[in-house]
**Student:** 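Let me begin by handing over the structure; questions about it come next.
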Amino acid sequence: PAGNLNLPSVNCQGYGRPEAVQELRHLVEERRPSVLFLMETKMGEERALGLKRDLGFPNAIIVKSEGLSGGLALLWRHDVTVAEVSKSRSHIDVMLSCDRLRISQLRLTGFYGEPRRERRKESWYLMRFLRAQSSVPWLCVGDFNEVLSVEEQFGVNEREQWQVAAFQDAVNDCGFTDLGFHGLPFTWDNRQEGDRNVKVRLDRALGDSRFMAELGDSEVFHLPLAESDHAGLLVEVRQRETSDRWSRKRPKPFRYENMWKSHGEYTDFVNSSWDPGPGPADLSATARALTSLQASLKSWDREVFGSV
């Protein structure tokens, strides 16, 4: 649609099997994206270019895998113009322009956070380095392999607070806002049974202040996938409405504000508001508790901080 640009981001977990490629092709046919970011392709350049052709994209930037791990690809159609700025095994950074969006340039970074915990700080160094390179409205999307709050993980293997804080600090230093999401609250599932099941929100989209000013009506949707243990993200990059916006109000996605954690009552408020209810502590109970907590945080935010 006019004023919109569809941009899915998918951690493929290696799309070598025909069923996985078919699922990705179906996503492309259904959502008709102008740009597609893929992670963990586990493909060399030749195979990745073959996947590009299979999906019907004329253009691509490829970061080939290292052995059987990694691999990134950014694919795009003729209705957008893309200029490569930089790339590594952890990112693809481009300048993008599109006639449907009334801004001259959008900076897009497809980001893949370091999967090894002991090296994850390298991802945050990279994020800060990229921040310093440009002042164009910036959208950063991908699998960051980290959470912004402990509530974004369900199950065993809880994360250390220092891990979460390091990601929060990087997001704050870059001036990012989490664009929030519609759909199930987690984007990765280890698909284990019972007490061994772990679900985490690892995938997200972040926009800087200039992005939010120009394209702040953009929305993110979690897309369940059968062939990957990650959900896909669909980012609908949308021009901020300047008129008639109240007559067509859409429900806003929940957006976690990093400034909340700086308030002295934040931790006590979250602890007192978290209520999974009676019964087994399963995913349904956690989802209900998260929905309730989100509503409570929105009210608390209005009372304590006003409109942000």
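Residue indices begin at 1 and follow the sequence shown. These numbers come from the heavy atoms of this one structure, side chains and all, not from hydrogens, waters or symmetry mates. All values reported here derive from a predicted model rather than from experimental measurement.
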**Student:** Answer yes or no: is there a donor N or O on one side and an acceptor on the other, between the side chain of Asp203 and the main chain of Trp188, under 3.5 Å?
**Tutor:** no

**Student:** Okay, side chain of Asn172, backbone of Gln168: is any donor-acceptor separation there less than 3.5 Å?
**Tutor:** yes

**Student:** Can you name the residues that form a salt bridge (charged side-chain N to carboxylate O under 4.0 Å, His left out) with Arg120, not counting sequence neighbours?
**Tutor:** Glu146

**Student:** Assess whether atom CD of Gln22 is packed by more than 12 heavy atoms of other residues, nucleotides or ligands within 6.0 Å.
**Tutor:** no

**Student:** Other residues, nucleotides and ligands only: do more than 12 of their heavy atoms fall within 6.0 Å of CD on Glu19?
**Tutor:** yes

**Student:** Is the backbone of Asn6 close enough, under 3.5 Å, to the side chain of Glu236 for a donor and an acceptor to pair up by distance?
**Tutor:** no

**Student:** For a quick test of your reading: what N or O donor-acceptor pairs under 3.5 Å do the side chains of residues 108-116 make, sequence neighbours left out?
**Tutor:**
from   : atom 1 : to     : atom 2 : distance (Å)
Thr109 : OG1    : Asp93  : OD1    : 2.6
Thr109 : OG1    : Trp138 : NE1    : 2.8
Tyr112 : OH     : Glu40  : OE2    : 2.5
Glu114 : OE1    : Arg89  : NH1    : 3.3
Glu114 : OE1    : Arg89  : NH2    : 3.4
Glu114 : OE2    : Arg116 : N      : 3.1
Glu114 : OE2    : Arg116 : NE     : 3.0

**Student:** Could you list the residues that satisfy side chain to side chain contact (heavy atoms under 4.5 Å, CB included) with Ser65, not counting sequence neighbours?
**Tutor:** none

**Student:** Could you pull out the closest heavy-atom pair between Val10 and Gly232, with the gap in Å?
**Tutor:** CG2-CA, 4.4 Å

**Student:** For Asn145 versus Asp143, what's the shortest heavy-atom pair and its separation?
**Tutor:** N-OD1, 2.9 Å

**Student:** Between Asn11 and His230 (side chain of the first, backbone of the second, donor and acceptor by atom type, cut-off under 3.5 Å), is there such a pair?
**Tutor:** no

**Student:** Write out all pairs satisfying ring pair (Phe, Tyr, Trp, His ring centres under 6.0 Å) with one or both partners inside residues 207-227, taking only residues at least two apart or from two chains.
**Tutor:** Phe181-His222, His182-Phe221

**Student:** Please name the pair of heavy atoms, one in Leu75 and one in Ala60, separated by the smallest distance, quoted to 0.1 Å.
**Tutor:** CD2-CB, 3.5 Å

**Student:** Applying side chain to side chain contact (heavy atoms under 4.5 Å, CB included), can you list everything that pairs with Ser88, at least two apart in sequence or on another chain?
**Tutor:** Ser90, His91, Leu126

**Student:** If we count only N and O atoms by modelled type, under 3.5 Å, do the side chains of Asn190 and Asp229 hold a donor and an acceptor together?
**Tutor:** no

**Student:** Looking only at heavy atoms, which two atoms of Val220 and Gly180 are closest? And how far apart?
**Tutor:** CB-O, 3.3 Å

**Student:** Is any side-chain N of the basic residue among Asp217 and Arg238 closer than 4.0 Å to the acidic one's carboxylate O?
**Tutor:** no

**Student:** Using the test side chain to side chain contact (heavy atoms under 4.5 Å, CB included), find all partners of Arg32 that sit at least two apart in sequence or belong to another chain.
**Tutor:** none

**Student:** Counting N and O atoms only, with roles assigned by atom type, does the side chain of Glu152 sit under 3.5 Å from a partner on the main chain of Leu148, one being a donor and the other an acceptor?
**Tutor:** yes

**Student:** Please give me the minimum heavy-atom distance between Phe37 and Val141, naming the atom from each residue.
**Tutor:** CE2-O, 3.8 Å

**Student:** Ring pair (Phe, Tyr, Trp, His ring centres under 6.0 Å) with Phe167: which residues, sequence neighbours excluded?
**Tutor:** Trp124, Phe144

**Student:** Please tell me if the side chains of Val200 and Val147 come closer than 4.5 Å, counting only heavy atoms from C-beta onward.
**Tutor:** yes

**Student:** Donor-acceptor pairs are to be reported for all side-chain atoms of residues 48-55 against protein atoms at under 3.5 Å, with residues two or more places apart or in another chain.
**Tutor:**
from  : atom 1 : to    : atom 2 : distance (Å)
Lys52 : NZ     : Pro58 : O      : 3.3

**Student:** Nearest heavy-atom pair of Leu179 and Gly207: which atoms, and what distance?
**Tutor:** CD1-N, 3.3 Å

**Student:** Could you name each residue pair satisfying salt bridge (Lys or Arg N to Asp or Glu O under 4.0 Å) that touches residues 123-132, not counting sequence neighbours?
**Tutor:** Arg128-Asp173, Arg131-Asp208

**Student:** Listed by chain and number, what are the side chain to side chain contact (heavy atoms under 4.5 Å, CB included) partners of Lys64, not counting sequence neighbours?
**Tutor:** none

**Student:** Kindly work out whether a path of hydrophobic side-chain contacts (I/L/V/M/F/W/Y, heavy atoms less than 4.5 Å apart) joins Ile62 to Met39.
**Tutor:** no

**Student:** Quick test of your reading: applying salt bridge (Lys or Arg N to Asp or Glu O under 4.0 Å), list the pairs with at least one residue in residues 75-84, sequence neighbours left out, ordered by first then second residue.
**Tutor:** Asp79-Arg100

**Student:** Please answer whether the main-chain N or O of Trp76 pairs with a side-chain N or O of Asn59 as donor and acceptor at a distance below 3.5 Å.
**Tutor:** yes

**Student:** If you group Ile, Leu, Val, Met, Phe, Trp and Tyr whenever their side-chain heavy atoms sit less than 4.5 Å apart, what else falls in with Met95?
**Tutor:** Val85, Val136

